[in-house]
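Some notes on the structure that comes next.
As the structure lists them, so they are numbered: ligands from 1, and atoms in each ligand from 1.
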Amino acid sequence: VLTSDLGGGKTTFVKGLAKGLGSLDIATSPTFTINRTYACRDNLVLEHFDFYRLNDPGIVAHELSEVIDQKDTIIAIEWGDIVGDVLPTQRIEIAINRRKDDENKRELIATYPAEYGYVFEESK
Ligand SMILES: Nc1ncnc2c1ncn2[C@@H]1O[C@H](COP(=O)(O)OP(=O)(O)O)[C@@H](O)[C@H]1O
Ligand SMILES: [Mg+2]
């Protein structure tokens, strides 16, 4: 779950994630299509949701429920606050903050349960 202000860098982060996972698909902002699916390496799938302007939690919950328990699927969500209670309690939250000293830099703060620590090990 990615949080930042508008233009903070959530979609940009997901583009990097897709690239890092070996996807050859071009990641565009899915704002008006709710979600996009990226085929990645090792049969991994990246599902990118953007719930901006979507104010019907029922639709959102339905879309998410279709993929949330799928094997080998990574789900990246922008504007996930609308679905608060549908998201698993065990999840990674990444807050993206602008830096005052450089408009092209961001500070990321990740919050995650211990079992997901391995995801961050290489970047330590
Ligand atoms: N270090 C950075 N990380 C992410 N985005 C950056 C960075 N530096 C500049 N940007 C720019 O900030 C904008 C972020 O937009 P976007 O990723 O669509 O934000 P959001 O999805 O949060 O609304 C893009 O124009 C991107 O090029
Ligand atoms: Mg976005």
Check: Y118 ring centre within less than 6.0 Å of F120 ring centre =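 No, the ring of Y118 stays outside the 6.0 Å limit from the ring of F120, centre to centre.
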
CG of D69: more than 12 outside heavy atoms within 6.0 angstrom?
->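 Not buried by this count: 12 neighbours or fewer within 6.0 Å.
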
Quick one: do the E93 and T3 side chains pair a donor with an acceptor below 3.5 Å?
->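 The answer is no; no qualifying pair exists.
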
Are side-chain N/O atoms of E47 and T37 paired as donor and acceptor at under 3.5 Å?
->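 There is such a pair (donor and acceptor under 3.5 Å, judged by atom type) between the side chains of E47 and T37.
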
Enumerated ligand 1 atoms positioned under 4.0 Å from heavy atoms of S4 =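 That gives atoms 22 (O) of ligand 1.
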
Can you find a pair of side-chain heavy atoms, one from L21 and one from R41, that are under 4.5 Å apart?
->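 Answer yes - side chains close enough.
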
Examine ligand 1 and decide if any of its atoms is less than 4.0 Å from a heavy atom belonging to D5.
->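 It does; at least one heavy atom falls under 4.0 Å.
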
So is T11 polar-close to ligand 1, meaning N/O to N/O under 3.5 Å?
->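 For ligand 1, there is an N or O atom that lies under 3.5 Å from one belonging to T11.
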
Counting both backbone and side chain atoms, is some N or O of L6 under 3.5 Å from an N or O of ligand 1?
->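 No, L6 has no N/O under 3.5 Å of an N/O on ligand 1.
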
For atom 9 (C) of ligand 1, state which one of L108, T3, N104 supplies the nearest heavy atom.
->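 When every heavy atom of L108, T3, N104 is considered, N104 comes closest to atom 9 (C) of ligand 1.
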
Please confirm if an N, O or S atom belonging to T11, backbone or side chain, lies less than 2.8 Å from the Mg ion (ligand 2).
->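 So T11 counts as coordinating the Mg ion (ligand 2), yes.
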
Is there an N/O/S atom in D50 at a distance below 2.8 Å from the Mg ion (ligand 2)?
->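 No, since none of the N, O or S atoms of D50 sits under 2.8 Å from the Mg ion (ligand 2).
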
Is the shortest distance from a Lys or Arg side-chain nitrogen in K10 or D50 to a carboxylate oxygen in the other one below 4.0 Å?
->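 A salt bridge is absent here (no side-chain N lies under 4.0 Å from a carboxylate O).
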
Name of the E78 N, O or S atom nearest the Mg ion (ligand 2)?
->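 For E78, the N, O or S atom at the smallest distance from the Mg ion (ligand 2) is OE1.
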
